[in-house]
Number of protein chains: 2
Amino acid sequence: MPYPSRLPRNQQAVLDVLSQQSHPLSAQELYGVLRQQQLIGLATVYRALETLKLRGLVQSRADTSGESLYSPVEQDQHYLTCLQCGRSFPLDRCPVQELEEHLQYSVPFKVYYHTLEFFGICEPCIESVD
Amino acid sequence: MPYPSRLPRNQQAVLDVLSQQSHPLSAQELYGVLRQQQLIGLATVYRALETLKLRGLVQSRADTSGESLYSPVEQDQHYLTCLQCGRSFPLDRCPVQELEEHLQYSVPFKVYYHTLEFFGICEPCIESVD
DNA sequence: TAAGCGAATGATAATCGTTCTCATTATACT
DNA sequence: AGTATAATGAGAACGATTATCATTCGCTTA
């Protein structure tokens with residue numbers, strides 16, 4: 001697992017904000033929060049996220065609206081996501097951990113994290129499906 | 001599982017092309033293929049994909065470059081995806097099927113399909129990681 | 001401590017996938 | 001056939017992300 005002894009300031013700031021949140025943030029939301037703390041450009045936020053992803057510290061998933069949502073890798077990332085309204089409901093159980101550990105030994109690929117997402121229609125939306 | 005007796009022509013055409021491919025296609029690639037067969041607009045391709053997703057017949061996942069890749073739901077969708085080069089390597093084993101079936105009875109949510117993706121660095125890229 | 005140099009930054013323009021708009025066309029129903 | 005309704009294609013609009021570039025920061029070396 002790549003873990004540099006110290007992170008550049010902006011990367012650290014981005015990671016801190018993500019860790020303080022209990023839910024994934026978009027890059028633009030992140031930018032809004034960081035702007036209240038310091039002078040920072042949107043491009044820098046994207047650059048920091050890119051690097052943090054490559055280091056296996058941050059993960060992203062695509063919102064149904066197209067934008068990416070970012071969260072620290074430690075955070076569980078298993079959802080029921082409604083195709084109609086786009087809302088995501090977190091799941092607690094993860095049956096994949098052991099497979100991930102097994103993969104580490106069986107494939108030439110360094111796994112940082114995984115995502116597991118179930119797609120369908122949530123109860124409130126079921127009635128409104130055409 | 002929602003399965004209308006007959007699909008509108010364009011939705012059927014989109015589904016046919018996706019089913020003929022052995023790998024997921026972007027909306028733009030799909031548009032290119034369809035244009036060789038018939039007169040169709042890009043907006044219609046997106047509209048058809050949207051509807052097919054809501055019907056649980058097509059699924060999408062985000063490419064590392066940001067665009068969405070579409071494939072029929074029947075197709076297995078489990079990958080090792082390299083954060084560096086973006087290439088995806090399909091996995092055969094799926095440990096989640098039974099959890100999905102269990103979910104159907106334990107949550108108020110109609111599950112159409114799931115995605116499982118492992119992210120990390122592939123062997124060829126490991127050397128080039130800074 | 002000052003000078004020099006390469007990497008990082010912020011502002012903004014450019015890019016590109018996706019969605020919206022709207023005039024036109026196809027479809028369904030009577 | 002006649003009319004209402006939905007679907008379509010073309011292209012404009014949108015918005016998230018990426019590229020550009022002049023400036024600033026951080027570090028090394030004199």
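Naming: A, B, ... by sequence-line order, numbering from 1 per chain.
Following rounding to the nearest Å, B:L34 (CG) and D:dA7 (C1') show an atom-to-atom distance of 16 Å. Taking atom CG of B:L7 as the reference point, atom P of C:dT27 lies 15 Å away to the nearest angstrom. Look at CG on B:L30: it is 13 Å from P on D:dG9, rounded to the nearest Å. At whole-Å resolution of the value, CD in B:Q12 and C1' in D:dA7 are 17 Å apart.
Within the 4.0 Å cut-off from OP1 or OP2 of D:dT17, at least one side-chain nitrogen or oxygen of A:S68 is found. Dashed line: the shortest gap from a side-chain N or O of A:Y46 to OP1 or OP2 of D:dT17 is under 4.0 Å.
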How would nucleotides 7-13 of chain C be written as a contact map, 5' to 3', with B for base contact, S for sugar-phosphate-only contact and - for no contact, using protein heavy atoms under 4.0 Å? --BBB--

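For the residue pair B:S88 and B:T81, a side-chain donor N or O sits within less than 3.5 Å of a side-chain acceptor on the partner. Under the 3.5 Å distance criterion, with hydrogens and angles disregarded, a donor-acceptor pair is assigned to the side chains of B:H78 and B:H114.
In the hydrophobic clustering of this structure, A:L69 does not group with A:V73; members are Ile, Leu, Val, Met, Phe, Trp, Tyr whose side-chain heavy atoms approach within less than 4.5 Å, directly or through other members. Criterion: ILVMFWY side-chain heavy atoms under 4.5 Å apart, direct or through other members. Under it, A:V96 and B:L103 are part of a common hydrophobic cluster.
With rounding to the nearest 0.5 angstrom, the CG atom of A:L54 is 8.0 Å from the SG atom of B:C82.
Taking the six-membered ring where the residue is Trp, the centroids of A:F119 and B:Y113 are separated by under 6.0 Å.
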